[in-house]
Amino acid sequence: MGTDSPSPFLQACRRAPTPFTPVWLMRQAGRYMPEYRAIRARRGFLELCKDPEAAAEVTLQPVDRLGVDAAILFADILLVLEPLGVGLEFTRGDGPHIHRPVRSAEDVERLRPVAVDEAVPFVFETVRLVRKALSDRVPLIGFAGAPFTLASYLVEGGPSREFLRTKRLMRDEPGAWRALMTLLSDITADYVNGQVAAGAQAVQLFDSWVGTLSPADYRDGVLPYSRRVIQRLTPGVPIIHFGTGTAGLLHLMKAAGGDVIGLDWRVEIGPTWERLGHDVAVQGNLDPAVLLAGLGEIRRAVKEILDAVDGRPGHIFNLGHGVHKDTPVDHVIALVDMVHELSAR
Ligand code: CP3
């Protein structure tokens with residue numbers, strides 16, 4: 001990268017022309033990589049996140065191995081919830097668990113603001129170590145959970161299919177919902193701004209589960225808070241606004257803000273981008289399941305996306321969601337090569 005040749009990834013965020021379509025992946029580092037599993041075998045996930053040297057090493061693993069155009073910080077959206085005292089645990093196999101979920105107005109009242117510099121200094125230290133090690137080879141993406149997705153973990157106590165408790169709180173206790181979402185907006189903005197101050201060059205806001213909502217619920221109960229986060233972020237740093245199952249919400253997500261809107265595989269990228277407007281960049285949108293198929297199938301699916309986008313500046317190639325843990329690493333390497341080869345101009 002450097003001043004002479006700006007990074008294709010950052011150029012694409014700004015909808016500037018690039019020599020090829022830049023690609024990075026969600027869950028770029030993770031259990032599909034043997035070198036990650038080797039580090040993870042010896043310690044818990046939270047412990048790994050809290051060790052900046054090790055977290056920096058894991059962040060860098062896929063950069064050389066895969067040839068991606070951006071690094072994504074190794075951390076988690078839920079790390080900022082731990083200081084709330086809700087009892088965060090990652091259990092092997094079934095993901096995050098919140099031991100004292102937040103389900104009533106009284107539960108919300110007990111929550112106190114989080115001073116991120118004291119609560120998650122290890123995340124910011126990881127950012128500094130990664131930037132030093134990358135020395136501008138590719139930019140570093142920081143990230144946080146958007147308020148709704150964070151709230152859904154706090155209220156449900158873990159992963160959920162239907163988010164019934166979260167939706168009930170939103171409807172039956174509007175005051176508590178506003179207080180919770182305001183608190184989470186402020187924590188998120190501070191968390192992201194701390195990463196930017198430490199050296200993150202772009203940020204992704206993960207609203208992974210927002211696709212469960214009706215457009216009206218998103219507009220009234222979520223959009224104002226996602227907008228509040230985005231408006232408080234350090235100016236000049238590109239923001240990727242991501243969710244899944246969001247076909248009916250994309251225009252509202254764009255209204256909430258972001259330079260790049262994440263698209264999952266449930267939409268056709270060409271017409272969806274056109275409807276959304278070409279004044280915003282897009283990221284996506286390969287089905288992660290395609291990477292478990294043969295290389296011929298992967299190539300066909302990559303070509304379909306690139307053909308639909310037709311070289312328009314402002315497309316960042318990504319999966320519609322994270323790399324599945326059973327994905328062969330060779331397929332991920334081949335994917336990155338294919339995107340570069342088939343999009344070279
Ligand atoms: O490479 C990257 O993408 C950066 C690191 C990253 C992780 N989590 C590491 C991780 C990122 C960007 C996240 C974001 C995240 N965390 C999201 C939003 C993205 C998405 O997938 O929708 C969510 C919802 C979480 C919460 C979370 N953390 C869950 C649901 C899980 C369990 C899921 C699973 O795959 O087991 C985690 C744990 C987690 N976060 C792992 C990793 C690599 C697996 C940890 C392990 O067991 O080693």
Side-chain angles (χ1 to χ4, degrees), residues 23-51 54-63 65-66 68 70-82 86 88-98 120 122-123 126-127 130 138 140-154 156-161 163 166 184 188 191-192 195 200 202-212 240-246 262-265 283-284 288 318-327 329 332:
V23 52
W24 71 279
L25 306 168
M26 286 176 271
R27 293 285 161 89
Q28 191 161 281
R31 283 174 298 185
Y32 72 100
M33 288 193 112
E35 44 284 61
Y36 173 77
R37 287 198 303 271
I39 291 191
R40 198 41 190 90
R42 285 174 268 122
R43 60 184 96 189
F45 174 69
L46 270 180
E47 202 188 321
L48 181 53
C49 290
K50 290 176 182 179
D51 177 345
E57 186 184 336
V58 173
T59 304
L60 294 165
Q61 281 171 346
V63 174
R65 186 88 191 265
L66 309 178
V68 283
I72 171 114
L73 174 69
F74 186 81
D76 200 86
I77 64 167
L78 303 180
L79 296 177
V80 283
L81 301 185
E82 198 183 27
V86 292
L88 171 67
E89 190 191 357
F90 286 87
T91 45
R92 225 174 246 280
D94 33 70
H97 187 71
I98 302 275
V120 290
F122 46 87
V123 172
T126 304
V127 172
V130 171
V138 293
L140 174 63
I141 306 169
F143 69 93
F148 174 78
T149 290
L150 291 178
S152 78
Y153 281 100
L154 279 179
E156 303 294 334
S160 174
R161 274 174 63 87
F163 302 95
T166 311
L184 292 173
T188 294
Y191 185 41
V192 173
Q195 294 174 33
V203 295
Q204 174 151 319
L205 203 54
F206 279 97
D207 217 348
S208 304
W209 310 133
V210 79
T212 188
I240 306 167
H241 191 175
F242 167 83
T244 69
T246 51
L263 303 179
D264 79 6
W265 63 93
Q283 169 180 288
N318 206 317
L319 306 180
H321 207 167
V323 179
H324 193 277
K325 69 171 170 37
D326 297 329
T327 308
V329 180
V332 185

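Order of appearance sets the numbers: ligands from 1, and atoms from 1 within every ligand. Counting begins at 1 with the first residue of the sequence.
Protein heavy atom closest to atom 36 (O) of ligand 1, with residue, atom name and distance, is Arg31 NH2, 2.4 Å. Among protein heavy atoms, atom 6 (C) of ligand 1 sits closest to Ala75 O, 3.5 Å. Of the protein's heavy atoms, Asp76 OD1, 3.1 Å lies nearest to atom 8 (N) of ligand 1. Summary of contacts: the protein heavy atom closest to atom 29 (C) of ligand 1 is Pro96 CD, 3.5 Å.
The closest heavy-atom contact to atom 14 (C) of ligand 1, among the options Thr149, Ile77, Val323, comes from Ile77. The heavy atom nearest to atom 4 (C) of ligand 1, considering only Leu150, Thr91, Leu73, Asp207, is found in Leu73. Comparing Met26, His97, Gln28 against atom 1 (O) of ligand 1, the shortest heavy-atom distance belongs to Gln28.
Nearest heavy atom pair, residue Gln28 against residue Leu66, reads CG-CD1, 4.1 Å.
At under 3.5 Å, a nitrogen or oxygen of Tyr36, whether backbone or side chain, sits near a nitrogen or oxygen of ligand 1. At under 3.5 Å, a nitrogen or oxygen of Ala29, whether backbone or side chain, sits near a nitrogen or oxygen of ligand 1.
Residues Ile240 and Leu205 fail the side-chain proximity criterion, which asks for heavy atoms closer than 4.5 Å.
Residue-level proximity to ligand 1 for Arg27 is carried by backbone and side chain together, each with a heavy atom below 4.0 angstrom. Neither the backbone nor the side chain of Pro159 has a heavy atom within less than 4.0 Å of ligand 1.
In terms of modelled atom types and a separation under 3.5 Å, the side chain of Asp264 and the main chain of Gly245 share a donor-acceptor contact.
Here Phe74 and Tyr36 bring their ring centres to under 6.0 angstrom of each other.
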